[in-house]
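One structure is given here, and the rest of the page talks about it.
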Amino acid sequence: MPSANAANRLMKHYLGTARTLPWRAAPGTNAPDPYRVWLSEVMLQQTTVTTVTPRFNRFIERWPTIEDLAAASDKSILSEWAGLGYYARARNLIACAREIAARGSLPNTAEELRKLPGVGEYTSAAVAAIAFGERVLPVDTNIRRVAARLFAMEQPTDSQVRDVMTPLIPTDRAGDFAQALMDLGATICRPAKPLCSRCPLAPDCTAFALGQPELFPRPKARKHRPHRHGTAWWTRRGDHLWLVRRPDHGILGGMAALPGPDWTDTPHPHGPALARIRHVFTHFSLDLDLVSASEPVGDGWWHPVDDIDSAGLPTLYLKAARAALATPLFDAAA
DNA sequence: GATGCGTGGAC
DNA sequence: TGTCCAAGCAT
């Protein structure tokens, strides 16, 4: 059974190695800045540190305070988010920033943070622990895996993880403890080929004692990924391209896009396809045929075609636009 | 509890 | 190439 001694070894290991997220401190300090912690935690939902770091830095450079973010237009924030995925996060981020700015500051407890849009069990606990030192444990994939191995639990619920791990939280270091566990999960207690020989918790770890750390937690059953089909229209007028905004809900909700009909399970007829983009989403893959059109469709706007990277297009449509522009005959014919 | 929701890197 | 995986949330 892990003891306070185990927590001490974990903390010493963490503080003795390079911490992964130094950019969350307020400028010129070591203290985590609540705005930066909240923004980064939302970005980090199901997204790697490598992906988030440069995007976070751009957000902070453009909107240094939450008041700046709250005052920004929906369009500018969605555009800055383009390419990061899970776009409901961006829509919730906008609503959340305005709510926080209206009330004056971030709530400083997990219970109050949990009421904000886009802030769930994990994020509320992460911000409360890291930014405000509340003695709570955010349970993410890393911490769930570390706890599962430490206690040899095959399919622990988040509640079970909290029950066994919360007693180990150091009184004055809740934020560092959570980050230490997440760091451990990311670098040592990895899903495959964990580096148990370097792990400060190995002496306490039941799965290690059993000689089978990779059996915990048990992997989830995988689902089949269906294939779908779509058409998008490439509409040029001089140096400009016709873009539209997708509906607020559903896939790529609220994002800029090339116009086109709803995607379907089977291919549907259209004129000659001059490019085909294959794109893989979480729950299906898509073949998107690009077809030239002469007249704009839907409620949209003309965007300079030589500045396509600034259009705020999600990756699917950015890939499509780049394919079109790389096909000179197609582009000229449009 | 199950499902929908992006993207890119590792292997 | 395909598969797995990632500091989850809303419904």
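Residue numbering restarts at 1 for every chain, and letters A, B, ... go by the order of the sequence lines.
- Atom CG of Leu113(A) and atom C1' of dG8(C) are 16 Å apart (whole Å).
- Whole-Å rounding puts the Arg55(A) CZ to dG9(B) C1' distance at 16 Å.
- Comparing Lys220(A) and His249(A) along DNA chain C, the residue whose closest nucleotide (by nearest heavy atom) sits nearer the 5' end is Lys220(A).
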Annotated protein contacts, base or backbone, on nucleotides 3-8 of chain B with a non-hydrogen cut-off under 4.0 Å, one of B, S, - each: -BBBBS
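- If you take CG of Asp183(A) and P of dA6(C), they are 15 Å apart, rounded to a whole angstrom.
- Comparing dC4(C), dG8(C), dA6(C) against the side chain of Arg145(A) picks out dA6(C) as the nearest.
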Assess the residue pair Tyr87(A) and Leu252(A) against the criterion (side-chain contact (heavy atoms from CB on, under 4.5 Å)); give the C-alpha distance rounded to whole Å, side-chain angles, the decisive distance to 0.1 Å, and a yes or no. CA-CA 6 Å; Tyr87(A) 298 101; Leu252(A) 308 180; 3.5 Å; yes
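- By the 4.5 Å heavy-atom criterion applied to side chains, Glu41(A) and Arg24(A) are counted as neighbours.
- Nucleic acid contact for Pro117(A): sugar-phosphate only, since backbone atoms but no base atoms lie under 4.0 Å from a heavy atom of the residue.
- One atom, CZ of Arg144(A), and another, P of dG8(C), lie 8 Å apart when rounded to the nearest Å.
- The distance from atom CG of Asp140(A) to atom P of dC5(C) is 15 Å, rounded to the nearest whole Å.
- In this structure, the side chains of Arg225(A) and Val280(A) come closer than 4.5 Å at one or more pairs of heavy atoms.
- Partners of Tyr317(A) according to the side-chain hydrogen bond (donor to acceptor under 3.5 Å, both in side chains) rule, which considers only residues two or more places apart in sequence or in another chain, are Arg246(A).
- Judged as a salt bridge (Lys or Arg N to Asp or Glu O under 4.0 Å), the pairs with a partner in residues 293-312 of chain A (not counting sequence neighbours) are, in order, Arg237(A)-Glu295(A), Asp309(A)-Arg322(A).
- The NZ-P distance, from Lys193(A) to dA10(B), rounds to 15 Å in whole Å.
- Taking atom P in both dC9(C) and dG8(B), one finds a spacing of 22 Å when rounded to whole Å.
- If you check every strand for non-hydrogen atoms under 4.0 Å, Thr50(A) touches nothing.
- Checked options His270(A), His229(A), His268(A); the residue passing with Asp289(A) is His270(A) (criterion: side-chain hydrogen bond (donor to acceptor under 3.5 Å, both in side chains)).
- The CD-P distance, from Glu121(A) to dG1(B), rounds to 14 Å in whole Å.
- Relative to the six-membered ring of Phe284(A), Arg228(A) meets both conditions, a distance below 6.0 Å and an angle of at most 45° to the axis.
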